[in-house]
Amino acid sequence: MQIKVGLENNAGGRSLAWAQDFPGCFSYGKDASEALVSLAPSFLLYKSWIARHTAESWLADVRDVDVHLSEVFEVYHIDTDFDTVAAGGVSIHSWFRHDWRPLTRLEVKRGLQVLSFARADLLDLAFNLPDETLNRTYPDERWSIRGILQHVAGVEWYYLDCLGQAGFTRRELPEDPFECLGMVRRRTLEVLSAAEGATQVVGVGGEFWSPRKLLRRVAWHELDHLQHIQRLSQINV
């Protein structure tokens, strides 16, 4: 199977390789080469992860993997006048030609499954953690685990808002992170469930958004922070 890759350079000081037809499959590297080399093993882990959650994995018959670099995007920064600046300002993250494509019915179905698998893993990990662990702070970490959960929900709301589909204001988000996660995810599922064939593309703050990009970013962000929480929860203090 050929995996089309969108490469995003300078994403938080590293490169990020996106498997464009497989939301939730991605890999990092200190540079473009390392990110691309890492994608094939990341895809195999992704395949195994899908299989753990469903007996009807759509990747069950995949054997050989051929990584093909399809697009490259360099993250850049703009100021309030939308002029590019060397540092500071607003970071403009990847928009690929692939993101223009409307989602098909099958892509919506599988995308919703990926999001449900990611959310189940997140809740299985975090819901039963004691308050002491949820609220613990760590050296060189911006947030506690509770803070990370609130961040995941807040960023998902932000993605919806960029597409003009948030449905409610940020002020309406609950303070409890688990309630917040649930409220935002219900809205995401509503939006994506109705996204089949949608050609909507929105430009806001200097960046383009589409339903396909929404799915790509939401799946990545939750799985990325799931790994983050897993690391923190295993630290003995």
**Student:** Just so I know, are the side chains of Ile229 and Leu149 near enough to count as touching, which here means a heavy-atom distance under 4.5 Å?
**Tutor:** yes
**Student:** Heavy-atom count check: over 12 atoms from other residues, nucleotides or ligands less than 6.0 Å from Glu175 CD?
**Tutor:** no
**Student:** To the nearest 0.5 Å, how far apart are CH2 in Trp49 and SG in Cys25?
**Tutor:** 10.0 Å
**Student:** Classify the ring geometry of His225 against His151: parallel below 30°, tilted from 30° to 60°, perpendicular beyond 60°.
**Tutor:** perpendicular
**Student:** Looking only at heavy atoms, what is the nearest atom pair of Leu226 and Leu122, with distance?
**Tutor:** CD1-CA, 3.8 Å
**Student:** Any side-chain to backbone donor/acceptor pair from Thr54 onto Ile50? Under 3.5 Å, distance only.
**Tutor:** no
**Student:** Which pairs, with at least one residue in residues 62-72 and sequence neighbours excluded, count as a side chain to side chain donor-acceptor pair (under 3.5 Å)?
**Tutor:** Gln20-Glu71
**Student:** Compare every heavy atom of Gly88 with every heavy atom of His77, then report the nearest pair and how far apart it is.
**Tutor:** CB-O, 3.2 Å
**Student:** Nearest 0.5 Å please: distance from the OG atom of Ser91 over to the CD1 atom of Ile78.
**Tutor:** 9.5 Å
**Student:** Got a sec, which residues hit salt bridge (charged side-chain N to carboxylate O under 4.0 Å, His left out) with Glu179, two or more places apart in sequence or on another chain?
**Tutor:** none
**Student:** Which heavy atom in Ala17 sits nearest to a heavy atom in Ala35, and how many Å separate them?
**Tutor:** CB-O, 3.8 Å
**Student:** Give the cluster check for Val5 versus Leu45: same hydrophobic cluster or not, with ILVMFWY residues linked at side-chain heavy-atom distances below 4.5 Å.
**Tutor:** no
**Student:** What orientation do Trp100 and Phe208 show, parallel under 30°, tilted 30 to 60°, or perpendicular over 60°?
**Tutor:** tilted
**Student:** Kindly say whether Glu34 contributes a backbone atom to a donor-acceptor pair with the side chain of Tyr28 at under 3.5 angstrom?
**Tutor:** no
**Student:** To the closest 0.5 Å, what do you measure between CD (Glu8) and CZ (Arg14)?
**Tutor:** 11.0 Å
**Student:** Same cluster or not: Phe22 versus Val37, using hydrophobic residues (I, L, V, M, F, W, Y) connected whenever any side-chain heavy atoms lie under 4.5 Å apart?
**Tutor:** no
**Student:** Do Lys213 and Tyr159 touch side chain to side chain, with heavy atoms closer than 4.5 Å?
**Tutor:** no
**Student:** Take Lys47 and Met1 through the test side chain to side chain contact (heavy atoms under 4.5 Å, CB included) and record every step on the way to the result.
**Tutor:** CA-CA 12 Å; Lys47 175 187 172 182; Met1 171 182 284; over 6 Å; no
**Student:** Less than 4.5 Å apart, any side-chain heavy atom of Cys180 and any of Gln150?
**Tutor:** yes
**Student:** For Asp21, give me all partners under salt bridge (charged side-chain N to carboxylate O under 4.0 Å, His left out), at least two apart in sequence or on another chain.
**Tutor:** Lys4, Arg101
**Student:** Which atoms form the tightest heavy-atom contact between Trp157 and Phe168, and what is the distance?
**Tutor:** NE1-O, 2.8 Å
**Student:** For the atom pair OH (Tyr76) and CG (Asn9), what is the distance rounded to the nearest 0.5 Å?
**Tutor:** 14.5 Å
**Student:** How close do Leu232 and Tyr138 get, heavy atom to heavy atom, and via which atoms?
**Tutor:** O-OH, 3.3 Å
**Student:** Rounded to the nearest 0.5 Å, what's the gap from CG on Leu214 to CG on Leu192? Could you check?
**Tutor:** 5.0 Å
**Student:** Can you check whether Phe26 reaches Asp224 side chain to side chain, under 4.5 Å on heavy atoms?
**Tutor:** yes
**Student:** In a check of salt bridge (charged side-chain N to carboxylate O under 4.0 Å, His left out) between Glu156 and each of Arg119, Arg187, Arg186, which one passes?
**Tutor:** Arg119
**Student:** Between Glu107 and Arg212 (salt bridge meaning N to carboxylate O under 4.0 Å), is one present in this structure?
**Tutor:** yes
**Student:** Between Asp121 and His53, is there a side-chain heavy-atom distance shorter than 4.5 Å?
**Tutor:** yes
**Student:** Of all heavy-atom pairs between Gly206 and Phe82, which one has the smallest distance, and what is that distance?
**Tutor:** N-CE2, 3.6 Å
**Student:** Is there a donor in the side chain of Glu172 and an acceptor in the side chain of Thr169, or the other way round, less than 3.5 Å apart?
**Tutor:** yes
**Student:** Report yes if some heavy atom in the side chain of Trp209 is under 4.5 Å from a heavy atom in the side chain of Gln165; otherwise report no.
**Tutor:** no
**Student:** Side chain of Glu207, backbone of His93: donor and acceptor closer than 3.5 Å?
**Tutor:** yes
**Student:** Any ion pair linking Arg231 and Glu141 (charged N to carboxylate O, less than 4.0 Å)?
**Tutor:** no
**Student:** Which pairs count as side chain to side chain donor-acceptor pair (under 3.5 Å) when at least one residue sits in residues 193-206, sequence neighbours excluded?
**Tutor:** Arg105-Glu196
**Student:** Below 4.5 Å, heavy atoms only, C-beta onward: do Arg217 and Trp18 meet side chain to side chain?
**Tutor:** yes
**Student:** To the closest 0.5 Å, what do you measure between CD1 (Ile145) and OG1 (Thr137)?
**Tutor:** 11.0 Å
**Student:** Do the side chains of Leu125 and Leu134 join up, straight or via other hydrophobic residues, at under 4.5 Å, putting them in one cluster?
**Tutor:** yes
**Student:** Is it true that Leu112 and Leu123 fall in one hydrophobic cluster, defined by side-chain heavy atoms closer than 4.5 Å?
**Tutor:** yes
**Student:** Between Val65 and Trp58, is there a shared hydrophobic cluster once you connect ILVMFWY residues whose side-chain heavy atoms come closer than 4.5 Å?
**Tutor:** yes
**Student:** Sequence neighbours left out, what passes side-chain hydrogen bond (donor to acceptor under 3.5 Å, both in side chains) with Asn135? Give chain and number order.
**Tutor:** Arg146
**Student:** So, using side-chain hydrogen bond (donor to acceptor under 3.5 Å, both in side chains) as the criterion, who are the partners of Asp79 when residues are at least two apart?
**Tutor:** none
**Student:** Is there a side-chain contact between Phe43 and Leu59, using heavy atoms and a 4.5 Å cut-off?
**Tutor:** yes
**Student:** Hey, would you say the Trp95 and Phe73 ring centroids sit under 6.0 Å apart?
**Tutor:** no
